[in-house]
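Just so it is clear: chains get the letters A, B, ... in the order the sequence lines come, proteins before strands, and each one is counted from 1.
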Number of protein chains: 4
Amino acid sequence: MTKNRLEAFSDGVLAIIITIMVLELKVPRGDAITVLKPLLPQLLSYVVSFIYLGIYWNNHHHLLHTVQRVNGALLWANLHLLFWLSLVPITTAWIGENHLDVTPVAAYGVILLMAAIAYFILQQLIISSQGKDSVLKKAIGSDVKGKASPILYAAAIASAFISPWISIALYVLVALMWLIPDRRIERML
Amino acid sequence: MTKNRLEAFSDGVLAIIITIMVLELKVPRGDAITVLKPLLPQLLSYVVSFIYLGIYWNNHHHLLHTVQRVNGALLWANLHLLFWLSLVPITTAWIGENHLDVTPVAAYGVILLMAAIAYFILQQLIISSQGKDSVLKKAIGSDVKGKASPILYAAAIASAFISPWISIALYVLVALMWLIPDRRIERML
Amino acid sequence: MTKNRLEAFSDGVLAIIITIMVLELKVPRGDAITVLKPLLPQLLSYVVSFIYLGIYWNNHHHLLHTVQRVNGALLWANLHLLFWLSLVPITTAWIGENHLDVTPVAAYGVILLMAAIAYFILQQLIISSQGKDSVLKKAIGSDVKGKASPILYAAAIASAFISPWISIALYVLVALMWLIPDRRIERML
Amino acid sequence: MTKNRLEAFSDGVLAIIITIMVLELKVPRGDAITVLKPLLPQLLSYVVSFIYLGIYWNNHHHLLHTVQRVNGALLWANLHLLFWLSLVPITTAWIGENHLDVTPVAAYGVILLMAAIAYFILQQLIISSQGKDSVLKKAIGSDVKGKASPILYAAAIASAFISPWISIALYVLVALMWLIPDRRIERML
C-alpha cells in the first residue's frame with residue numbers, strides 16, 4: 001500500500017497542531033503599543049512551539065521519503081508520534097505562562113522525550129520493513145542523533161529540579177541537532 | 001473518477017476531529033504538579049478519543065485502498081461516516097467529565113453504533129461497486145468484525161443501564177477487534 | 001498547471017468549515033438525558049450545515065474532475081466560492097438559535113445565493129477555459145440546476161418576510177436538486 | 001525529493017489560517033438586522049484577511065509550480081513564510097477593532113513586511129536551487145514586484161505615524177500588484 005494517505009493525514013494533523021496556538025492569541029484590546037506587552041509570553045511560546053514542530057515536520061518529511069510501502073504497524077507508530085506532538089503547544093504555553101518554573105519545564109521534557117521515543121520507534125519500524133538493504137538504515141548510519149536525544153531529554157527532566165535553565169539549554173541543544181533535516185537522506189535519494 | 005479527493009477530504013476532516021480535543025485543553029494555571037490533576041479526566045478522554053479515531057482512520061485507510069473508482073453514493077456514504085465520527089470527541093469528553101455515569105456511557109454507544117453502521121454501509125457500497133470479483137469482498141470474507149460490532153454496541157447501550165462498566169468493557173473489546181487494520185486487505189494488495 | 005493544489009486547498013478549507021460547528025458544541029454539564037435538550041438546536045444546525053456543505057463538496061468534486069489545467073482566474077473564482085461557504089455554519093447557527101425568525105432565515109438565503117453565484121462563476125470559467133468542446137459544457141447541458149438555484153434563493157429571501165417556512169421549503173428544494181452529484185459528469189468521465 | 005508534502009502541508013496551514021477568523025465570529029444574539037451591526041468590523045476584517053491570504057496562496061501556488069525538487073533549506077524558508085502569514089488574521093482583527101489607529105496599522109505593516117521578506121527568501125532559494133537556467137528566474141525577470149513590496153511596506157509603517165490612511169492605501173496598492181498571480185509563470189509552464 002502506498003504512503004500517500006499517511007503523509008496527507010500527518011500533514012493535516014501537524015498543520016493543525018503548528019497553528020493551534022494562533023487560535024489562543026487574543027486580539028489586544030486598545031491600540032497603544034503597551035497592549036502588546038502581555039501578549040509577548042504567548043507570542044514567544046508560539047514561536048518556540050512552531051520551531052520545534054517545524055523541526056519534527058522537516059525530519060518526518062525526510063524520514064517518510066525513504067518509505068515505499070506502509071503497513072498497519074507503521075500507521076500506528078505514526079499516530080503515536082502525532083499524539084505526543086499534539087501536546088507540544090500546550091506544554092510550551094505552560095512554560096510561557098510560568099516563567100520557566102520547575103514543573104512546566106520538566107513536563108515539557110517529558111512530552112519531548114515521549115515524542116523522541118515515538119520517532120525512534122517509527123524509524124526502526126521503517127528500517128525493519130525495508131529489509132536487509134534498508135535505505136533509511138544506510139542513511140542514518142549509527143544514528144547518533146536518534147540515540148542521544150532521549151538521553152539528553154531525560155537529563156533535562158532531571159536538571160529541571162536543579163535549575164530550569166539547564167533544561168532549556170538541553171532542549172535548545174537537541175533542537176539544533178535536528179534543525180538541519182538529515183542531509184544523508186537527501187544525498188541518498 | 002479517482003479517489004484522491006475523497007481520501008484528502010477524509011484525511012482533513014479526521015485530522016481536525018482527532019486533534020479537536022487538544023483545543024479544549026486549557027493551559028494549567030500555576031506551576032505545581034497539583035495543577036495537572038483537574039486536567040487528567042480531559043487528558044484521558046483525549047487519549048481514548050484519539051485511539052478510537054485512530055482505529056477508524058487506519059481501517060478507513062485499508063478500506064479505501066481497495067477502491068479504484070468513486071461515485072456519488074460512495075461520496076455520501078463517506079460523508080455520513082465522517083459525520084458520526086465528528087461526534088466522538090464530544091461524547092468521549094461527556095463521559096470523562098461525568099465519571100462513567102449511565103447516560104454519557106450509553107450516548108457514547110449510540111454514536112459508536114451509528115459510526116459502525118455508517119462504516120458497514122460504506123463497505124457494502126464499495127463491494128457492490130466492485131462487481132462480482134470484488135477485492136474487498138474477498139478480503140473481508142465473512143466479515144465477522146463488521147457484523148459483530150453493531151451487535152456489541154447495541155448490547156453495550158443496553159448494559160449501561162445495568163452497569164456502565166459492562167459497556168466500557170464492550171467498547172474496549174470492539175476497539176481491540178479493530179486495532180489491527182485488516183491484515184487480509186494488506187495481503188491481498 | 002495541474003489542479004492538485006487547488007483540490008487539496010479546497011479540501012482543507014471545506015474540511016475545516018464542515019467541522020467548525022463541532023468546536024462550538026460544548027460538553028453538556030451533568031449526566032441526565034435532560035442536559036441534551038439545550039444542545040438540540042445546535043446539533044440540528046450542525047446536521048443541516050454539514051449536509052449543505054457536503055452537497056457543495058460533492059458537486060465541487062465532480063466539477064473539478066472535468067478540469068485539466070488551472071489558471072489565476074480559476075484560483076480566484078474558487079477562493080470566492082470558499083469564502084461564501086465559510087459563512088454557512090454561522091448563518092445556520094443563527095437560524096438554529098432563533099427558531100426560524102425572519103432575519104436569520106433571510107440572511108441564510110443571502111449567503112446561499114452568493115455561494116450559488118460563486119459556484120456558477122467558477123463553472124463558467126472552467127467551461128470557457130476548456131474551449132469549444134468543453135467536457136463540462138456537454139455534461140451540464142442546459143444547466144437547469146445552475147440557473148434555477150439563484151432564482152429560487154432570491155425567491156426564498158423575499159418569502160422570508162411573508163413566512164420563513166416558505167424559505168425553508170425552498171432551501172430544502174434546492175438542496176434536493178443538488179443532492180445527487182451530477183450523474184452526467186460521472187457518465188462522461 | 002518531490003514537493004508533494006511541502007505543498008500539502010502549506011495548503012493545510014493556509015487553509016487553517018484563512019478560516020481561523022470564522023471561528024472568532026460569534027453567532028449574533030437576537031434576530032433583528034441590528035444585531036449584525038457589531039459584527040461588521042469583524043466581518044470586514046475577515047474579508048480583508050481572506051483576500052490577503054488568498055493573494056499569498058495564489059502566488060505561492062504559482063511559485064511552487066516551478067519547483068522540481070526540494071531540500072532542507074526550502075522546507076525551512078517555507079515554514080518561515082507560513083509563520084508570518086499565520087499572524088495576518090490577528091493583526092487584521094486588531095485594526096478592525098480599533099478603527100484604523102496608528103499602532104495596529106503599523107503592526108499590520110510589520111507583519112506584511114516580514115511575510116514579504118520571507119516570500120522573497122523562498123523565491124531566491126528556489127532560483128538558486130534551479131541553477132543557471134532557472135525557470136523561475138526567467139519568469140520573474142527583474143522582479144519589480146518582489147523588490148518594490150518590502151519598500152512600500154516600510155514606507156507604510158512609517159506613514160502610519162503621519163496618517164494611517166496613507167498606510168492603508170499602500171497596503172491596497174501592494175495587494176493589487178500581487179492580485180494577479182504571475183502571468184509570466186503561467187506562460188512559461
Do Ser86(C) and Tyr46(D) touch side chain to side chain, with heavy atoms closer than 4.5 Å?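 Ser86(C) vs Tyr46(D): side chains touch.
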
To the nearest 0.5 Å, tell me how far [X] [atom1] sits from [Y] [atom2].
X	Y	atom1	atom2	answer
Asp11(D)	Glu7(C)	CG	CD	11.0 Å
Ile51(D)	Leu79(C)	CD1	CG	10.0 Å
Trp94(C)	Leu25(D)	CH2	CG	12.5 Å
Leu85(C)	Thr19(D)	CG	OG1	12.0 Å

[X], part contacting chain C, at a heavy-atom distance under 4.5 Å:
X	answer
Leu43(D)	side chain
Val47(D)	both
Ile55(D)	both

Side chain, backbone, both or neither: which part of [X] has an atom under 4.5 Å from a heavy atom of chain D?
X	answer
Val70(C)	side chain
Thr2(C)	both
Ile16(C)	side chain
Ile95(C)	neither
Asn71(C)	both

Can you establish whether the number of heavy atoms outside Lys137(C) located under 6.0 Å from its atom NZ is more than 12?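 It does not: Lys137(C) NZ has 12 such atoms or fewer within range.
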
For the interface with chain C, which of Ser10(D), Pro28(D), Gly54(D) has the highest count of heavy-atom pairs at distances below 4.5 Å?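 Most heavy-atom pairs within the cutoff with chain C belong to Pro28(D).
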
Any donor-acceptor N or O pair under 3.5 Å, side chains His65(D), Arg5(C):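 Their side chains do not contain a donor-acceptor pair, so the 3.5 Å distance test is not met.
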
How are the rings of Phe83(C) and Phe50(D) set to each other: parallel, tilted or perpendicular (split at 30° and 60°)?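 If you compare the ring of Phe83(C) with that of Phe50(D), the planes turn out perpendicular.
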
At their closest point, which heavy atom of Ala15(D) faces which heavy atom of Gly12(C), and how far apart are they?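 Of all heavy-atom pairs spanning Ala15(D) and Gly12(C), the closest is CB-C, 3.8 Å.
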
In terms of heavy-atom pairs under 4.5 Å, which option from Asp101(C), Val13(C), Leu75(C) contacts chain D the most?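 Of the options given, most contacts go to Leu75(C).
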
Name the member of Leu82(C), Val102(C), Leu6(C) that forms the most heavy-atom pairs with chain D at distances under 4.5 Å.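 So the answer, after comparing Leu82(C), Val102(C), Leu6(C), is Leu6(C).
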
Polar side-chain atom of Trp76(C) near backbone of Asn58(D) as donor-acceptor pair, under 3.5 Å: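 Such a contact is absent between Trp76(C) side chain and Asn58(D) backbone.
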
How far apart are the C-alpha atoms of Val22(D) and Ile17(C), what are their side-chain angles, what is the distance that settles it, and do they pass the side chain to side chain contact (heavy atoms under 4.5 Å, CB included) test? CA-CA 9 Å; Val22(D) 170; Ile17(C) 301 171; over 6 Å; no

